[in-house]
Amino acid sequence: MRKAIAETALVAIILAVAGGLVLGGVAYSVIGKGRGQVDLNACKSNVALAIKSKQFVNLNSCFTRDVGTLDYSGESAKYTDEMASQVARYLYECRFQFGELGGVPWKGDFFNGIDACFVCSTFNLPKDEAGIETSDILAWMKRSKMTGGETYYEYLSKSAPGANPEFLFTDAIEPNANKVVYVDALVKGTPYAVVHWASTERRLVQVAGGGLTWSGVESAESGYSMVFITPATNLNKACEITFTRYP
């Protein structure tokens, strides 16, 4: 049986937006607060300490940014660039906090790894336009450079399997079937979550003679992590455990 509760590394509550996200048949409601209360450097330092200490340091400096509706000038000609720049920024923030450190801040359970997600931010598209194709967002990322000269596309692809940037927009993950379902467009009326996804590798297997031994690496540096956007109501298709922490 998969583990059903989170460790005390975070205040573990199920994300709910737009009337409540349903996971496991139970609906939870969370009200986020202002977008100016998230300290990216504090979170990144906290994650680094949690990894180094093999998760004995709790994560208490990482918060979910409740963006609300993305900013829009109302000019249709600027819509794609305005949406893509904000989406790219929130993906960047998530990878900056969790994806640059070479490890994950959570353990698997006693017998199995787990797929755990921290929701870095949530957002909705403006109501004035129909939505935006993910291919248009990726095209913007390819031509838009960050401060260090690297494009958003180059930076964010590092958190995608096989450097496949399509993974940045994910509808569902099916690890047992080695399958990922992608999102082709972001649409208005759908709440989205920007998440750091961690697959831990702390697991026991039975060996000859009936004994148990560790499979994979036991250390905190084990596991694999990615950053992507998914419809908030689909988080249960990607994460066994969802962490949010609002200021």
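All residue numbers in this chain count up from 1 along the given sequence. None of the values given here were measured: they were computed from a predicted structure.
Of the N and O atoms on the side chains of Ser73 and Glu82, at least one donor lies less than 3.5 Å from an acceptor on the other residue.
Using a 4.5 Å cut-off on side-chain heavy atoms (C-beta onward), Tyr246 and Thr122 make contact. With contacts defined as side-chain heavy-atom distances shorter than 4.5 Å, the pair Leu138/Leu168 qualifies. Side-chain contact between Leu91 and Tyr152 is absent, with no heavy-atom pair separated by less than 4.5 Å. You'll find the side chain of Val47 reaches within 4.5 Å of the side chain of Cys62, heavy atoms only. Within the 4.5 Å cutoff, side-chain heavy atoms of Glu100 are placed close to those of Tyr155. The side-chain heavy atoms of Met83 and Glu129, taken from C-beta on, include no pair separated by under 4.5 Å.
The OG1 atom of Thr242 lies 5.0 Å from the CG atom of Leu235; values are rounded to the nearest 0.5 Å. One distance of note links CE of Met226 with CZ of Arg95; it measures 12.5 Å at 0.5 Å rounding. One distance of note links OH of Tyr192 with OG1 of Thr233; it measures 9.0 Å at 0.5 Å rounding. Here Phe98 contributes atom CZ and Leu59 contributes atom CG; the two are 6.5 Å apart, rounded to the nearest 0.5 Å. The OG atom of Ser121 lies 7.5 Å from the CD1 atom of Ile229; values are rounded to the nearest 0.5 Å. For the atom pair CG (Asp115) and CH2 (Trp197), the distance works out to 4.5 Å, reported to the nearest 0.5 Å.
In terms of hydrophobic clustering, with Ile, Leu, Val, Met, Phe, Trp and Tyr side chains grouped at heavy-atom distances under 4.5 Å, Val181 and Val227 are assigned to different clusters.
The backbone N or O of Glu93 lies less than 3.5 Å from a partner atom in the side chain of Gln97, making a donor-acceptor pair. Between the Ser144 side chain and the Met141 main chain, no donor and acceptor come within less than 3.5 Å of each other. Thr230 places a side-chain N or O within donor-acceptor distance of the main-chain N or O of Thr170, the cut-off being under 3.5 Å. A donor-acceptor pair under 3.5 Å links the side-chain atoms of Thr134 to the main chain of Asp184, judged by distance alone. Under a 3.5 Å cut-off, the side chain of Gln86 and the backbone N or O of Asp71 do form a donor-acceptor pair. One N or O on the side chain of Thr64 and one on the backbone of Val119 form a donor-acceptor pair closer than 3.5 Å. Of the possible polar contacts, one joining the Asn46 side chain to the Asn60 backbone as a donor-acceptor pair under 3.5 Å is found.
In this structure, Arg65 fails the cation-pi test against Tyr90, since its NZ or CZ atom is not both closer than 6.0 Å to the six-membered ring centre and inside 45 degrees of the ring normal.
Across Val183 and Asp171, no two heavy atoms sit closer than the pair CG2-N, 3.6 Å. The heavy-atom pair separating Pro126 from Leu70 by the smallest distance is CG-O, 3.6 Å.
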Go through the steps for Asp128 and Tyr79 under the test side chain to side chain contact (heavy atoms under 4.5 Å, CB included), then give the verdict.
CA-CA 10 Å; Asp128 305 69; Tyr79 182 77; over 6 Å; no
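Using bins of under 30°, 30° to 60° and over 60° for the plane-to-plane angle, the ring pair Trp106/Phe243 lands in the parallel bin. By the 30° and 60° cut-offs, the orientation of the rings of Phe228 relative to Phe167 is perpendicular.
Residues Phe169 and Tyr182 place their aromatic rings such that the two centres sit no closer than 6.0 Å.
Listed by chain and number, the residues in a side chain to side chain contact (heavy atoms under 4.5 Å, CB included) with Phe63 are Val38, Arg245, Pro247 (sequence neighbours excluded).
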